[in-house]
Every structure is written in C-alpha cells, then in structure tokens.
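Okay, structure first, notes after.
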Amino acid sequence: MSFFSKLFKLKKESAKSKNVTPESLSLTAFERRTSNLLSQNMFIARSDYKTLVEDFADLYSQFDTLRKTDTLAYFCRDKEISIQQVNSFLFMYEDFRRKEGAEVIQKHNEAFVKLHLVSDKQYLDNILKKVDPIIKLDEEQRRVVLSDEDYTLVIAGAGAGKTTTVAAKVKYLVEKQNIRPDQILVISFTNKAVGELRDKINNALRIDCPVTTFHKTGYAIMRRQDADRKVVVDQGFMFYTINNYLKRNILENPELVDKLILFFGSYFDAPYEGDNLNDFFNYITKADFSTLRGNIAEYADQIIDKRTGKCITISHETLRSEQEVRIANFLYMNGIDYVYEKPYPYNIVRSYKPYTPDFTITQGGKEAYIEHFGITQNGQNNRYTRQELERYKKEVNDKVKLHIKHGTELIYTFSAYNDGRDLLTHLQDELIKHGFKLRPRPVREIFDKIVNTEENRYIAKLVKLVCTFIQNFKINGYVLDDFHRFQTSTNNERSKLFFTICEQCYLEYSKRLKEKKAIDFEDMINDSARILREEVVKGEKLDFKYIIVDEYQDISRQRFNLTKELSKLCDAKIIAVGDDWQSIYAYAGSDITLFTNFKETFGYGQELRITRTYRNAQEVIDIAGGFIQKNTSQIRKALISPKHIANPVIIQSYTEDVDRKMYEGRGGKFFLVGETVEKIIKEILEDNPKSSILLLGRYGFDGFNLTKSSDFIYAEKTGNVYSKTFADVELEFMTVHRAKGLGYDNVIIINAIDAVYGFPSKVQDDPVLKFVLKDDHSIEYAEERRLFYVALTRTKNRVYIVTSQLRPSDFVRELLKDYPNITLRGTLDEKQEGGAEIKYCPVCGYPLQLRYKKAYGLKLWICSNEPEICDFMTNNLKGGELPILKCDKCRDGYLIVREGKGSPFLGCTNYKPDRTGCNNVMTREYYLNHIKGK
C-alpha cells in the first residue's frame, strides 16, 4: 500500500488492557524484566524501557523517600527485604531514568553493534551490491545501519555518502528487522534529492517504500479533508497578488496609501539602531541615503562639470544620513523647496573651509537654512568622546552666531529630543514658527510618480520584502493575531508602519487564495500538521515504523512540526540525516538550531557521525573543515579521505588598475574576470582534457556578468555559460545554493571579491525580518561561511578562486592567512581597516562616501562623520588629507587636489591653461604648516 493510500485508511488504536498486580511491580519483577530486556539480541531504544520506568515509578518513590529520611534500613529489616536488593534497584532505576540515557543500555547497545559488525560483516559488505558493486560501507556507516534509537541524528560530512547510508539502512530494516517497505517513509526537501533516493532504494534495491518530498507529503495529508481539491500555487502568485495590490488596489484604502507614502518617505531604509562603531561603519558604507525627490526624478538641474566643460543633468541626490533623508522627504512632501549643502553666501573670516548648511529652503520669496545636528538635545552621542562632544557643541554655537551675524534665518534639529517627540514633529513646529506653510503634495501625485518612475527602488523592493515576510510568517505557523503581537512588542515606528502595510497585504493575499480556491505550500504544510494533530487526539493511527528525513540541516520549524506529528500518529522512529556545515537556507525559513540542538529538541536521542568522505582530497577537507569550524557553534567533526592532492586551493587574482583601452569593447571590467577564468580552464584541461568543470557564483548574475566578457556566451533558456575558446568542454555555471549535493572534477569560484554582492555577500536583511527569521549571529557572516564551505567542497580535485587584487574578499584573505598550502597567483593589496572596498577619512577615520556635488561639479569623497566633528572632502584620494578649500585668491573658486609631476597639490577650479583664469596653487607642505588646524 502506498504512502498516499495509507493516509486514507487510518484506524482507531485498540485499547490495550494491562494486568497490573502488586506482585508484577515487586523488586523481583523489576529484576526479571531488566534481565529479560538486557538478554535480548537487539539494539535497545529508549521506548523499549519507557514502560519499565513508568511501571516502577511509585515503587522507586517509596524507597527513595525512605532513603532520604534515613529509614530505609529499618524498613528492610522490618519487611525482611535485602537492603542490597533495594539499593541495586534504586541504582538501576536511576540509571534507566538518566536524561542522557542509561549507561547499562549504552553498554549493551555498544556490545550489540560490535557483535554484529563481525557477525553481519559479509551481509554488510554486500548490502549495496545491487546499487554499485564497488560501494563498501565503512564502519561509521555500518554503525548507522545497526543502531536503532527512537530519535537518531546522522551527522554526515560533504561527500560522505549520506544517500548511500540511507539506502543501506532501509535495506537492513526490511531484510533484518522484518519491517515492511510500506512501513518506512523517506522524506527529503527537493525533487532532485528524492530522485537520487528513489534510484537507489526503489529502483536498484527494488524496495518499494514511499520516498517523497515534504510538499507531496503535505498535499497527500491535506487531500484527506479537502473536498474541493484546492489548487496549490507557487511563490509567483503571491508576488503577483501583492505587487498588483500595492500598485492599484491599495488606492481603495486612502488611509493605507497615506501610510505607504509615509513609509517610503520617512522609513523606507532602516536606520542604524546599535552602539557598535564598526557595525555603524559597515552600515554607513552600505546605506543608500537617497531621497524621495531624487528617486522619482522630481527635478533636473543642468550644471557644467568644471573639469570637462560638459553639461550634466542631476536627477538623483544622496545625502549624508538617514535622518537627513527624512528631513528632505518631509520638505518635499510638504511643498517646501530645498537645496542640499549649498555653499553659504557669506565669507567666514579667516576660514578656508567652505560652509555648506545642510538645507537651504525657500518658499515664495522666503529663504532659511536648516542644520541637522547628530547629537541629542542634551548634547549626547555615544560615538563621540567628551572632547569631541565639546568641540561639536562649540561648532553648533558658532553656526548659530554666524547666522545671527548675517541676519539669516536658521532652523536646527537634533537626533533626539528631551520630550521624546520625533525630530520631524519639532521641525514642523519650527517651520511654522519661521513663517513657512506646509502644503502637502497630493498623495496620489506622489504615489503615481513612485509607481511610474523608480519602482525598482520602491514598489518592487517592498513587494519582495513583504513576500519574504509573509512566507516566513507562515513557515513559523503565525496567524493574523500575531501582527498585533508584533505591533505591541516594538517601539520602532518603522516596524509598526511595516506591520500595518504587511497585514493588509496578507489579508489581500488570503482573500485572493480563497477566491481562486487555492493554497500555497506554506499553508499546506501547516494544515497537514494540524490535521495530524487532530487525528492523534481522535486516537487514529498510521502504520509507519520509521520516518527518515534527508537533508535535515534544511529543516524549518513547520516541517519539523509536520515530522513530529506524523511520528506521533504512528509511533515511528525518526532518523534525521544531514550536515549542519551545509545549512544554507535560513532565508527560506530553515532553523539550524533544530539540527545543532537535536537531542534537546526531541528530549533525547542518539547522534552518529559519518566522517569518511569520498569526494574531496584530504587537503581540501582540512582547509574547508578548519574554515567552517571557526564558527564554534557548528558541530565539531574531523573528516577523513583516502585521496590526496598537491596545491588543493589556488587563488588567482586579477588587477583592475590597468589601462581601460585593453578591454574596451571586450566586456569592460568583466573582461578581466573572463580572461582569468579562461586561463584557469586552459590549465585544468592541459592536466585532464576530460575534466568536468563547475563555475560557481554567489549570485545568478555572476554567470551573466561573466558572459559580458567576449570570451563567454550566456544561454538564456538554460542559464548556462559556454566558453567560445573551449566550446566542447563540459562546463557548467551554478550558484552555490543550486550546486549543493553535486560534485565536479574541478571547481572555479568566480566572484570572491569584497563587495556588497561579493562572497561573502554583504547584503543585509531588513530588520523587520528578525520577527520571522532565525538569525545566526554565532559569528560574522555565519551563513555565508557555510555557503563558502559548500563551494569549497564541490570539487573532486582542486578549487580555483578568482579574486581582485584590489578587493579580495575577507574569506580569501582568511584562507591565505591560515593555510600555508594554499597557492596565491598574482598579488593582493594590503587590507585597509574594515575592508578593501571601504575608503576611510584620513583625518578622523570615518568611512568616506563617494557623491556627486552639484556646487563643485565634481565627484567627491565626503567624510560620513558629522561635519561639526570632521568636514573633510576631497576629489582625489591620492591627495591624502589634502581637502577641498575655498580659493583665497578669487571669489568663486575652490582649491581641489590636482596631480602634477611631483606630489599632489591643491589648485583652483578656475584655472585656465591660457592663464586668463585663477592660477592659485597650494602645496602639501604649505597646507600642513599654515592652514591645517585653523
């Protein structure tokens, strides 16, 4: 009978009567039952002696009380019972009750396994002969086959033969334990994994046990109570529904549209909320502080680039901080024109630095300035020392005095206020006090611009976030009321706003599912677990004896619930097989702690290891294993391989600091990557012309970018990559996620650079996802580290890693630092503090932001520190700490970094080769000795 048929034939469990008499619960009875248990030629599971512990609980309680009150000896003498017999009972009973399992049982089981390793050797030698005559189980695999605890976790290394072990276990259960094939359920996560298991178990071994996915299991269970036969929809339906709702149907709810615009205008990008300075630096370098006005192309000023004389249209503006973006968006949405960091029109005596107030605002003929100060109203900021704060406050006072002196109106705001009100509330009060009128733009006008212009920035990004949230919301088994619980559990206004929007999207999606008579995968699994719980309550039973879960490291809470409920419904033993080192699906709801805390999750259990790998050479294993175990929360294991290889990992760098003419028309900068990959392919083929080669990318677009090089072709239908030079070579491109479980002769990792979309990826999850995702903070880039481990272990021979000389990834640097047998070809630049891609201010050490400044007609590196602490900016990093200064010889020029025959110097922007302009220059020595510090 198939698994799917059995689900329709649940039977009531017959009540079992027990003849319990005082004699059956005596000391003699305990000794007899214990002796009978230990004399059996079987692996004893916890369930085999569970009733023994339960039946004699009262007897133990009586004797334990006597022992604690020091009356046990008197009692034994009075009842003519041997005190040695009682003490033996107490000792044995407490051993049976031990949380970690009875020692006497453990010794029995170890003896059983050792005996059958010898007695069943010939059988175990040939157990998979029908699958492959060459396969011979090692001792660890044989121990898995022979062991039989109620809950067993098999921890297997990459390439250690998990599928082979599962197949052998199934055959042993059928042939040696007399378990019917239809009493064994094998579940995995993907159709590919199920296909491999079916090939070995159903086809090669001819054992007709059900092998299926979680989704098909859930669907089969759901059909029992689904008279309407609902359609199962994929994630595309959710994206379409929510995308359509946020673009169109939401207009039927004006109040929600207001909140949506508020979310886009004030809270779209999450603010930094921590105290760690390094984390703040990472946030600064990755943040996109672009404004609503800039993103929807509300304005376009033409300016002259003073370096080239070309006209440039500005249609995008990026500010220094999230709070400044909120101010800019507030001004825009309330009809107040502004210019960001426009130079102040009055010269400041004895000052070479240009003063640029944060905002110059105008309305009608009225003009004022806004300065936003990155300290609280009472003068605090935990990023600064006391001395820095004192300097900051002096700068604030000087600016206030400056505006008073020149009769210009100044409005200033703080990052936080003593009264607890938001800075925009205070800004609104100040604007009205200074005579500005708030004229809110029509919400529909802003909404239409958002939808019709930069939807990649807004709508599409929000749709993706909402879909991810709802999917994981369901994976965790949350219901509608949990949105209210989330709302009340946080004081973060952005999170509250998101939950309001997301809840309406959830309701819309649920409504569309109902209209379509459909169900998604997440609801299907949740409903299946609920149905099984109801069957358990009703006393129904299924006849499965074993549930084997493959790739258990990918288990989510909802799939765990389904497995456990299914186990309860049939009193089945659970065998979970996987590798926590390869847990790489947290974004899809997997919870690695269900693996690493396996015994705690189930209450008890057995952990076994398979450490002998047949894919990787020992040298690759040592590197990959040492790398992954930098994370001390991962389960420790040492993998062993009979294979050996010289130069197991080769890092090949390319330099981006080359003459661009060499690759113009040949794929741009991607030519450098393509050229490097082609050289490696050539080297591999010279060694083995028949080698299979896997190109690995962190993202799918890594392969597409590679094909921008003139040496490679991208096949749109398959997503694969082909080399023009080596057209006949077996060459495949995959993301690391797709490649898990596969092995190739040689592997090339093609994008190991230090970048947001590099490897490790530095894309940050939105903070609202912490409510529905299991975040792993055990080490920085914990999941990326596991993903890189998967990449390293796809090879049967060598791993080649392609990286940039200027921007090698942190993982590349770590490998070179820790493992002397890794080969570096080419060179790597010295790592700057915080990462090669981050540029730091030479004055204060804060990250620099690269922005186009309209006032100067230049791309500038600007310090991300508060300008009251450090206002450094430069047009050329080669100038070191040479900043842009006001020219002291002409009225409207600026001294910028220029390169000459010697060292860089400062020269006026009004310089003209015919000497009709301003030819003012300033040497580095003059700046350091006479200007710096003034």
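One-based numbering along the sequence shown.
Here the side chain of Thr803 pairs a donor or acceptor atom with the backbone of Ala752 at under 3.5 angstrom. Side chain of Thr413 to main chain of Leu423: no donor-acceptor pair is present (N/O by atom type, distance under 3.5 Å, no hydrogens or angles). Asp810 contributes no side-chain N or O that, together with a main-chain N or O of Pro760, makes up a donor-acceptor pair within less than 3.5 Å. In terms of modelled atom types and a separation under 3.5 Å, the side chain of Arg924 and the main chain of Gly879 share a donor-acceptor contact.
To the nearest 0.5 angstrom, Lys366 atom NZ is 7.5 Å from His434 atom NE2. A distance of 6.5 Å separates CG of Leu848 from CG of Leu877, quoted to the nearest 0.5 Å. Atom CG of residue Leu850 and atom CG of residue Leu860 lie 8.5 Å apart, to the nearest 0.5 angstrom.
Screening Val396, Leu427, Val400 for a side-chain contact (heavy atoms from CB on, under 4.5 Å) involving Tyr412 leaves a single residue, Val400. In summary, of the residues considered (Gln323, Glu866, Glu324), a side chain to side chain donor-acceptor pair (under 3.5 Å) with His372 occurs for Gln323 alone.
Between Pro847 and Cys841, the closest side-chain pair of non-hydrogen atoms is not below 4.5 Å. Side-chain contact between Phe414 and Thr376: absent, with no pair of heavy atoms (C-beta onward) separated by less than 4.5 Å. Within the 4.5 Å cutoff, side-chain heavy atoms of Ile370 are placed close to those of Leu331. The shortest distance between side-chain heavy atoms of Tyr355 and Tyr346 does not fall below 4.5 Å.
Ion pairing of Glu868 with Lys394 is absent here, as no side-chain N (NZ or NE/NH1/NH2) approaches a carboxylate O to less than 4.0 Å. Salt-bridge formation is detected for the pair Glu430/Lys433: a Lys NZ or Arg NE/NH1/NH2 atom is positioned less than 4.0 Å from an Asp or Glu carboxylate oxygen. Salt-bridge annotation for Asp754 and Arg813: absent, with no side-chain N of the basic residue lying under 4.0 Å from a carboxylate O of the acidic one. Taking 4.0 Å as the cut-off between side-chain N and carboxylate O, Arg391 and Asp398 do not count as a salt-bridged pair. The pair Glu388-Arg383 does not meet the salt-bridge criterion, since no charged nitrogen lies less than 4.0 angstrom from a carboxylate oxygen. Between Asp419 and Arg421 there is a salt bridge, since at least one side-chain N of the basic residue sits less than 4.0 Å from a carboxylate O of the acidic one.
Cation-pi contact between Arg441 and Tyr332: present, with separation from the ring centre below 6.0 Å and deviation from the ring axis of at most 45°. Remark: Lys886 fails to qualify as a cation-pi partner of Tyr894 under the 6.0 Å distance and 45° angle criteria applied to the six-membered ring.
Leu424 approaches Arg326 most closely through the heavy-atom pair CD1-NH2, 3.3 Å. When all heavy atoms of Cys887 and Asn920 are compared, the pair lying nearest together is SG-ND2, 3.3 Å. When all heavy atoms of Cys908 and Gly893 are compared, the pair lying nearest together is SG-CA, 3.9 Å.
Checked against the 6.0 Å centroid criterion, the rings of Phe701 and Tyr757 qualify as a close aromatic pair. For Tyr344 and Tyr369, the gap between ring centers is short of 6.0 Å. The six-membered or imidazole ring of Tyr340 lies near that of Phe359, with a centre-to-centre distance under 6.0 Å.
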TODO: Report the C-alpha distance between Ser761 and Tyr699 in whole Å, list the side-chain angles of each, state the deciding distance to 0.1 Å, and finish with yes or no for side chain to side chain donor-acceptor pair (under 3.5 Å).
DONE: CA-CA 9 Å; Ser761 167; Tyr699 292 98; 2.5 Å; yes
- [ ] List the steps and the verdict of side chain to side chain donor-acceptor pair (under 3.5 Å) for Gln363 and Asp337.
- [x] CA-CA 6 Å; Gln363 191 178 70; Asp337 294 329; over 6 Å; no
